[in-house]
Amino acid sequence: MINFKRDKNLERVKKNSKWDVVIIGGGATGLGIAVDAASRGYKTLLLEKYDFAKATSSRSTKLVHGGVRYLANGDIKLVYSALRERGLIFKNAPHLAKVQSFIIPCYSFYSKWKYLIGLKIYDWMAGSYRIGASKFLSNEQVVSKLTSIKKTGLKGGIIYYDGQFDDARFAINLAQTASMLDATILNYCDVNAIHKDENGHVSGISFTDLESEETIEITAKTVINATGIFVDDILKMESPTHKNLVRPSQGTHIVIDKKFLGEDDALMIPETDDGRVLFGVPWHDHILLGTTDTPLDIHTIEPRPLEEEVEFILSTAKTYLNPAPTRKDILSVFAGLRPLAAPKDENSKSTKEISRDHKLITSKSGLITITGGKWTTYRKMAEDTVNKAIEIGKLTDAPCITKTLKIHGYLEDKQEGHWQIYGADADLIKDLAIKNPELNQKIHPKFDYIAAEVVWAVRNEMARRLEDVLARRMRMLFLDAKAAMEAAPVVVHIMANELDQTESWEEEELQQFLALGKHYSYEA
């Protein structure tokens with residue numbers, strides 16, 4: 001097994017104070033950069049203040065896609081790049097990403113032709129990475145696939161193909177991949193100072209290990225700010241007069257029972273009442289409905305869904321589904337903040353005007369900041385960032401190899417149920433349960449997760465908190481908040497034993513998680 005142990009990685013940092021590349025931020029972008037930098041042979045350190053993918057990177061719509069909406073907005077360059085990156089994700093992480101069929105129900109003949117023509121262009125843009133051909137569906141075909149779709153006025157539909165994945169699991173596997181390539185990866189480490197040399201050039205950072213409260217100072221040839229919605233906080237640390245680069249946009253999702261849609265196909269609503277796109281996506285035997293696009297002026301690690309966002313999703317669903325979900329059908333509700341590059345017009349409130357493409361910025365001091373972008377293009381964002389780091393840090397040039405680099409857990413064979421997301425690790429977890437029968441017990445009757453997965457998450461996936469396991473190593477908090485809270489006492493007890501923690505730690509973790517879980521449950 002790879003060396004992905006937090007205590008060992010912390011000791012490694014203490015013994016090695018000089019690094020080629022130091023990355024601040026452990027979401028999709030930062031972890032992708034760590035993989036790229038380490039694969040080129042650079043001495044790489046990544047520091048995450050919370051858990052990996054705690055913020056935006058675990059709260060997406062779970063799509064690996066070019067972005068049909070962006071094509072409609074004329075952002076051809078982004079779509080073209082994203083479709084190729086989608087193809088690379090399928091090749092390099094088949095255990096985490098899969099082809100997903102999407103159906104657009106049409107209620108006019110004009111819309112049928114409009115969407116089909118647009119999606120044929122979308123297919124064509126994918127080139128050799130095409131994963132399916134868009135085509136017309138009859139009324140009968142649409143109803144057979146989306147059993148709850150409203151039939152009144154239905155004129156058939158369009159089926160097209162895109163990708164679907166588990167975002168937080170992908171992040172964990174990226175962290176493991178970087179570790180396999182000899183990067184040093186740490187969560188719960190808070191960067192609190194950026195150091196400069198006598199010439200005003202960034203020369204290193206200081207961070208605090210949030211578990212021991214010890215502060216450690218290191219030097220680096222390059223420092224990369226990949227903190228998503230928090231990039232401005234780091235830039236202000238480097239330059240107090242910095243003006244914000246990011247305008248956060250909140251996306252909220254609700255999770256409901258799969259009975260509201262169908263077995264296999266996703267629903268795509270291309271034009272809602274206010275011009276947004278809404279998806280209904282099968283995910284872990286549930287249905288994910290979203291997303292919203294609400295501009296905000298504040299950013300927080302645990303954003304709260306707004307009442308009007310939940311109402312928007314339910315009312316839109318009611319227009320297309322019968323029966324439609326109501327508040328009492330919501331199993332979990334969560335929000336994430338997109339780090340969109342701020343518009344030039346400071347008075348602009350529309351996030352539709354803000355590009356979804358990434359921005360790479362180098363401060364006068366040499367601090368490199370990467371912001372914007374989307375999950376699907378994480379690899380290309382990382383490649384561009386490391387190329388910039390080579391230039392700024394005067395590193396020995398080395399080519400990018402991540403187009404063909406397999407992600408940890410790589411397995412082409414499909415596996416039953418939730419075991420699919422573990423890829424090659426699934427058999428190792430099952431072996432753990434065979435050798436220790438008490439670990440073969442389910443942690444909750446509604447889910448197939450077993451105790452061995454909790455042990456595995458602590459031993460091999462750097463899970464440190466109860467939330468790390470139930471929200472991101474497993475996705476129970478995002479799928480059914482009530483069930484996650486019911487499973488919490490069992491899970492935290494297993495974790496306490498594995499981490500050699502006290503009863504007071506166990507009780508404190510449990511209470512904190514139950515308080516968090518209430519924000520994910522939605523009472524009518």
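In this text the structure is predicted, and so the values were computed from the model without any measurement.
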Problem - Closest contact, heavy atoms only, A97 versus I89 - result: CB-CG2, 3.7 Å
Practice task
Begin with the C-alpha distance, continue with both residues' side-chain angles, and end with the deciding distance and a verdict on side chain to side chain contact (heavy atoms under 4.5 Å, CB included) for D20 and T44.
Solution key: CA-CA 6 Å; D20 293 326; T44 303; 5.9 Å; no
Practice task
Using a strict 4.0 Å threshold on nitrogen-to-oxygen distance, state whether R475 and D167 make a salt bridge.
Solution key: yes
Handout entry: Centroid-centroid distance, F170 to Y378, less than 6.0 Å
Key = yes
Exercise for the section: Using the side chain to side chain contact (heavy atoms under 4.5 Å, CB included) rule, pick out the option among L395, L45, V386, T385 that qualifies with V21. Expected result: L395
Problem - V99 backbone acceptor or donor facing D162 side chain under 3.5 Å - result: no
Completion exercise
The reported gap from CG in D397 to CG in N387 (rounded to nearest 0.5 angstrom) is 7.5 Å
Handout entry: D285/K258 ion pair, N-O < 4.0 Å
Key = yes
Handout entry: Short side-chain donor-acceptor distance under 3.5 Å, R473 and N460
Key = no
Handout entry: Under 3.5 Å donor-acceptor, T61 side chain and L63 backbone
Key = no
Practice task
Give a yes-or-no answer on whether the side chains of Y422 and Q415 include a donor-acceptor pair shorter than 3.5 Å.
Solution key: no
Handout entry: Side-chain donor/acceptor of S108 to backbone N/O of S111, under 3.5 Å
Key = yes
Practice task
Go through the steps to decide whether L479 and M474 satisfy the test side chain to side chain contact (heavy atoms under 4.5 Å, CB included), and finish with yes or no.
Solution key: CA-CA 10 Å; L479 295 168; M474 302 173 185; over 6 Å; no
Problem - Short N-O contact, D384 and K388, less than 4.0 angstrom - result: no
Exercise for the section: Check whether the side chains of D329 and T326 place a donor and an acceptor atom closer than 3.5 Å, and report yes or no. Expected result: yes
Practice task
State, yes or no, whether a side-chain contact exists between I158 and I103 at a heavy-atom distance under 4.5 Å.
Solution key: no
Practice task
For side-chain hydrogen bond (donor to acceptor under 3.5 Å, both in side chains), just list the numbers for T316 and T319, CA-CA rounded to whole Å, side-chain angles, deciding distance to a tenth of an Å, and then say yes or no.
Solution key: CA-CA 5 Å; T316 303; T319 304; 5.9 Å; no
Problem - Side-chain ion pair, K406 and E412, N-O less than 4.0 Å - result: no
Exercise for the section: Write down the atom of F260, the atom of P323, and the distance for their closest heavy-atom approach. Expected result: CD2-O, 3.7 Å
Exercise for the section: Could you tell me whether a side-chain N or O of R379 sits under 3.5 Å from a main-chain N or O of T402, the two making a donor and an acceptor? Expected result: no
Problem - W375 (side chain) donor-acceptor with V64 (main chain) under 3.5 angstrom - result: no
Exercise for the section: Run the numbers on H444 and Y449 for ring pair (Phe, Tyr, Trp, His ring centres under 6.0 Å), then give the verdict. Expected result: CA-CA 7 Å; H444 193 279; Y449 299 124; 10.0 Å; no
Exercise for the section: Mind checking ring-ring contact (aromatic ring centres under 6.0 Å, His included) for F478 and listing every partner two or more places apart, or none if nothing turns up? Expected result: F334, Y520
Completion exercise
Here the gap from L83 atom CG to L78 atom CG, rounded to the nearest 0.5 Å, amounts to 9.0 Å
Handout entry: Under-4.0 Å salt bridge between E383 and K380
Key = no
Exercise for the section: Specify the closest pair of heavy atoms between L296 and Q250, including all atoms of both residues, with the distance to one decimal. Expected result: CD1-OE1, 3.4 Å
Handout entry: CG-CD1 distance between L289 and I256, expressed to the nearest 0.5 angstrom
Key = 4.0 Å
Handout entry: Nearest heavy-atom neighbours spanning S101 and I159
Key = CB-CD1, 4.0 Å
Exercise for the section: Kindly indicate, with the supporting measurements, whether the criterion side chain to side chain contact (heavy atoms under 4.5 Å, CB included) is fulfilled by L314 and I330. Expected result: CA-CA 10 Å; L314 289 173; I330 297 175; 4.3 Å; yes
Practice task
Return the orientation label for the H286 and F447 ring planes: parallel under 30°, perpendicular over 60°, tilted otherwise.
Solution key: parallel
Handout entry: Crowding at NZ, K91 (>12 non-hydrogen neighbours, <6.0 Å)
Key = no
Problem - Any donor-acceptor pair under 3.5 Å from K374 side chain to H65 backbone - result: yes
Practice task
Under the ring-ring contact (aromatic ring centres under 6.0 Å, His included) rule, collect the residues that match up with H95, sequence neighbours excluded.
Solution key: none
Problem - Cationic N near anionic O, under 4.0 Å, E302 to K54 - result: yes
Practice task
Scan V255, L331, D257 and name whichever one has a side chain to side chain contact (heavy atoms under 4.5 Å, CB included) with D480.
Solution key: L331
Practice task
Indicate yes or no for a side-chain donor-acceptor contact from D123 to the backbone of S134 under 3.5 Å, with no hydrogens or angles considered.
Solution key: yes
Exercise for the section: Describe, in one word, how the ring planes of Y160 and F102 are oriented to each other, choosing from parallel (under 30°), tilted (30 to 60°) and perpendicular (over 60°). Expected result: parallel
Exercise for the section: Calculate, to the nearest 0.5 Å, the distance between atoms CZ and NE2 belonging to F279 and H253 respectively. Expected result: 9.5 Å
Exercise for the section: State the CE-NE2 distance between M476 and H284, to the nearest 0.5 angstrom. Expected result: 11.5 Å
Problem - Heavy-atom check, side chain of I172 versus side chain of M462, under 4.5 Å - result: no
Fill in the blank from the handout: Heavy-atom closest pair (M381 atom, T29 atom, distance to 0.1 Å) is CE-OG1, 3.5 Å
Problem - Salt-bridge criterion met for E271 and R69 (N-O under 4.0 Å) - result: no
Problem - Charged N-O contact under 4.0 Å between R327 and E311 - result: yes
Practice task
Answer yes or no: is there a donor N or O on one side and an acceptor on the other, between the side chain of T292 and the main chain of T252, under 3.5 Å?
Solution key: yes
Handout entry: Validation row: I370, K359 side chains within 4.5 angstrom (heavy atoms)
Key = no
Exercise for the section: Kindly indicate whether a cation-pi arrangement holds for K112 with F136, taking the cut-offs as under 6.0 Å to the six-membered ring centre and within 45° of the axis. Expected result: yes
Problem - Within 6.0 Å of NZ in K77, more than 12 heavy atoms from elsewhere - result: no
Completion exercise
For A226 and I33, the nearest pair of non-hydrogen atoms, with its separation, is CB-CD1, 4.1 Å
Exercise for the section: Please tell me if the side chains of L46 and F52 come closer than 4.5 Å, counting only heavy atoms from C-beta onward. Expected result: yes
Exercise for the section: Give a yes or no answer on whether the side chain of E48 reaches the backbone of Y50 with a donor-acceptor pair at less than 3.5 Å. Expected result: yes
Problem - Pair D51 + R472: basic N to acidic O under 4.0 Å - result: yes
Exercise for the section: Begin from the C-alpha positions of V68 and Y115 and carry the test side chain to side chain contact (heavy atoms under 4.5 Å, CB included) through to its verdict. Expected result: CA-CA 10 Å; V68 174; Y115 298 138; over 6 Å; no
Practice task
Look at the side chain of Y122 and the backbone N and O of G66, then say whether any donor-acceptor pair between them is shorter than 3.5 Å.
Solution key: yes
Problem - Euclidean distance, Q141 CD relative to L146 CG, rounded to 0.5 Å - result: 11.5 Å
Practice task
Begin from the C-alpha positions of T291 and R338 and carry the test side-chain hydrogen bond (donor to acceptor under 3.5 Å, both in side chains) through to its verdict.
Solution key: CA-CA 11 Å; T291 180; R338 307 176 189 91; 3.2 Å; yes
Problem - Six-ring centre of Y80, R84 cation under 6.0 angstrom, axis tolerance 45° - result: yes
